[in-house]
Colleague: 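Just passing along the structure, written as structure tokens.
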Amino acid sequence: MAPALLLPLSLGPAPAGASTAPVTALVTVPAASAAVPGTASVTASTAGAHAVRQAAGTLAAPARARSVTRVRRGSSADVSRSGWSGPAFVMNGSGGVVTATMSKAIDAIRGGTGILDVTVIAGSGTGTPECDVIMGLAGVNSCTTLVLTATGDGNDAQANTDIRNAEFVYFAGGDQCRYVAWKGTALEASVESVVAKGGGSGGGSAGHHVNSDVVYDACGGSVTSAEALADPYRRSMTFTTGMFRWPNYQNTINDSHFVARDRMGRLMAFVARSVKDGLVSGGKAWGVGVEEGGSLYIGRDGLATLSGAAAYVVLGDHQPEQAVSGRPLTFSGFKIWKIAPGQTYDFAHRPTCGYYLRSVTDGVADANLYSGTPVTDCTTPPPTGGSGFAEAESNDSRTAANDISGLTYPVTVTGDMKSSSDRDYFRLTLTAGQRVTAGCAVPAAYDADLYLLDSSGNTLTRSVNAGAGADESLAHTATSSGTYYLEVEAYGGSGTADYSCSVAKG
């Protein structure tokens with residue numbers, strides 16, 4: 001194929017009220033057909049997009065159009081500087097730029113001084129909505145939008161030059177299946193080079209997905225929470241690994257539009273699959289769900305700070321009790337951190353407390369997935385591995401207690417409050433100086449309290465949070481060796497919905 005010619009296209013004046021930032025606009029014409037204009041990919045900023053479309057419409061219909069569209073706003077010259085102060089990242093729950101976190105990332109990368117270049121990558125669409133916002137932020141020299149619509153576009157020379165010369169790469173919303181198709185192309189290495197030189201990366205919606213260690217790629221179609229929990233191996237549950245692995249963000253899997261589209265259940269299934277299939281290291285996976293309008297800024301130290309709407313971190317730290325094709329998911333004791341605007345989560349030193357517990361049994365998730373009473377004991381690391389135990393009635397007294405002393409800890413105990421006067425007892429043993437912790441996720445159907453008793457039935461410590469669905473947690477260090485009892489007691493209401501208590505020894 002003959003080399004292409006680049007012919008300038010006159011756009012005329014920008015429409016009234018449009019941005020006046022400098023624009024690069026080109027029509028790409030294969031040399032072999034230069035006498036017949038119109039075999040073109042037209043690039044323009046928002047200011048001139050209408051004029052470009054009008055001008056392009058007067059040309060002959062393209063025979064072989066390029067699949068890369070490039071629009072540059074701001075300075076036509078890239079910034080040249082010896083060093084940058086990142087990396088920095090933004091993880092957004094919807095596709096648009098969140099100015100609070102984007103400004104933080106830009107300031108962190110430039111060290112509070114100078115200017116930098118940004119490249120936006122999209123797999124579809126027209127216009128430059130991300131660059132329209134980014135060009136209004138302090139410290140930005142230019143913003144280039146690349147629309148790449150084919151797998152081979154990941155090796156486009158100009159696109160990779162734009163990416164490598166940028167200090168921040170933002171993946172727009174759209175379809176993450178298009179993004180993961182660029183795994184192994186020059187684009188992957190180009191984005192990694194930006195982070196390696198102290199720049200940054202991030203995105204929203206599909207762009208949020210592609211920036212995690214494990215990517216839910218949606219190449220088999222989207223999946224709802226109900227579908228994912230009913231069969232975690234359904235054909236729409238597909239993942240890509242080995243594309244980007246950012247500092248301090250390993251073993252993560254992102255999800256977006258989180259509360260608005262009720263995606264907690266499917267993120268639980270993503271986490272369970274990541275652990276079961278060995279997609280993560282160390283047998284632990286952290287799901288990161290960000291709500292629409294929310295954005296996590298992650299600095300070079302791994303500390304994430306939330307702006308906008310809520311975000312959630314969902315930890316699965318043991319093998320699922322059941323995760324097989326065609327069967328519903330069972331996974332006990334997901335640890336969930338709810339992050340409110342202004343709060344932080346340390347991905348470099350991941351916390352061992354502050355979570356609430358929720359479980360999935362035969363494809364049915366506990367109630368109140370998006371809120372709970374946090375475990376506040378920060379002295380004991382979160383347990384891994386362990387076993388499960390379902391209560392066996394009648395266990396309404398110490399003499400009839402279910403024996404959990406011989407199980408592998410941590411133990412996840414499940415049961416229900418069959419009446420408003422129900423009491424469930426579980427027997428365990430402790431040695432002098434040994435610490436026991438217990439955290440119970442209580443369904444919304446009833447209010448249950450948690451007690452730790454000695455061998456004579458004396459209360460050593462208790463957790464009595466008020467209200468139906470209020471979770472309970474306690475911790476105690478044994479002063480002598482012997483038999484102890486955990487008691488789950490109905491305080492108000494009853495029902496068949498299960499509580500789930502994670503019991504650990506340290």
Side-chain angles (χ1 to χ4, degrees), residues 87 89-95 120-124 148 150-151 153-154 163 169-192 194-195 200-225 227-228 232-258 261 263-282 284-290 295-296 298 304 311-316 323 347:
F89 306 91
V90 297
M91 305 290 179
N92 297 355
S94 44
V120 173
I121 299 175
S124 61
L148 314 177
T151 300
D153 294 344
I163 295 168
V169 179
Y170 187 92
F171 286 85
D175 180 2
Q176 63 261 36
C177 188
R178 292 195 179 201
Y179 293 162
V180 299
W182 299 323
K183 176 184 174 183
T185 69
L187 182 146
E188 178 186 351
S190 294
V191 177
E192 290 169 345
V194 173
V195 173
S201 179
S205 192
H208 173 53
H209 283 269
V210 79
N211 274 282
S212 56
D213 198 1
V214 179
V215 179
Y216 166 63
D217 56 39
C219 291
S222 189
V223 64
T224 66
S225 286
E227 291 168 342
Y233 283 86
R234 64 185 296 119
R235 63 181 300 175
S236 52
M237 294 277 287
T238 56
F239 305 91
T240 295
T241 59
M243 191 167 181
F244 300 132
R245 171 167 268 205
W246 301 136
N248 301 311
Y249 208 62
Q250 58 269 30
N251 299 326
T252 56
I253 181 165
N254 287 350
D255 207 352
S256 58
H257 305 278
F258 198 62
R261 301 185 187 179
R263 287 178 166 175
M264 180 68 82
R266 81 172 197 173
L267 185 57
M268 289 172 158
F270 295 169
V271 167
R273 277 285 306 276
S274 297
V275 174
K276 176 70 180 291
D277 296 350
L279 305 180
V280 291
S281 60
K284 299 180 183 179
W286 284 261
V288 182
V290 183
S295 178
L296 287 169
I298 307 174
Y312 295 80
V313 177
V314 181
L315 169 62
F347 283 100

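Keep in mind the model is a prediction, meaning the values are calculated, not measured.
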Colleague: Between atom OG of S205 and atom CG of D255, what is the distance when rounded to the nearest 0.5 Å?
Modeller: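 Reported value, rounded in 0.5 Å steps: 9.5 Å.
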Colleague: Rounded to the nearest 0.5 Å, what separates atom CG in L187 from atom OG1 in T151?
Modeller: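 So the gap between those two atoms works out to 11.0 Å.
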Colleague: OH/Y216 to SG/C177 distance, rounded to the nearest 0.5 angstrom?
Modeller: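 It comes to 10.0 Å.
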Colleague: Aromatic contact between Y249 and F89, with the criterion being ring centroids under 6.0 Å apart: yes or no?
Modeller: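 No, too far apart.
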Colleague: With side chain to side chain contact (heavy atoms under 4.5 Å, CB included) as the test, would you mind laying out the steps for K284 and N251 before giving the verdict?
Modeller: CA-CA 7 Å; K284 299 180 183 179; N251 299 326; 5.9 Å; no
Colleague: For the residue pair D213 and T252, confirm or rule out a side-chain donor-acceptor distance under 3.5 Å.
Modeller: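 Side-chain D/A pair, D213 to T252: absent.
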Colleague: With side chain to side chain contact (heavy atoms under 4.5 Å, CB included) as the criterion, how do W246 and F347 come out once you've worked through the C-alpha distance, each side chain's angles and the decisive distance to 0.1 Å?
Modeller: CA-CA 11 Å; W246 301 136; F347 283 100; over 6 Å; no
Colleague: Determine whether T240 and Y179 satisfy the following criterion, side chain to side chain contact (heavy atoms under 4.5 Å, CB included), listing intermediate values before the conclusion.
Modeller: CA-CA 10 Å; T240 295; Y179 293 162; over 6 Å; no
Colleague: Any donor-acceptor pair under 3.5 Å linking the side-chain atoms of S201 with those of N211?
Modeller: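 S201 and N211 do have a side-chain donor-acceptor pair below 3.5 Å.
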Colleague: Could you grab the distance from atom NZ of K276 to atom OH of Y233, nearest 0.5 Å is fine?
Modeller: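 Nearest 0.5 Å value for the NZ-OH distance: 4.5 Å.
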Colleague: Indicate yes or no for a side-chain donor-acceptor contact from Q250 to the backbone of R245 under 3.5 Å, with no hydrogens or angles considered.
Modeller: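 Such a contact is absent between Q250 side chain and R245 backbone.
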Colleague: Taking atom CZ of F258 and atom CZ of R263, what is their separation to the nearest 0.5 Å?
Modeller: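 Between atom CZ of F258 and atom CZ of R263 there are 9.5 Å.
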Colleague: Working to the nearest 0.5 angstrom, can you tell me the gap between L296 CG and H208 NE2?
Modeller: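 The distance works out to 7.0 Å.
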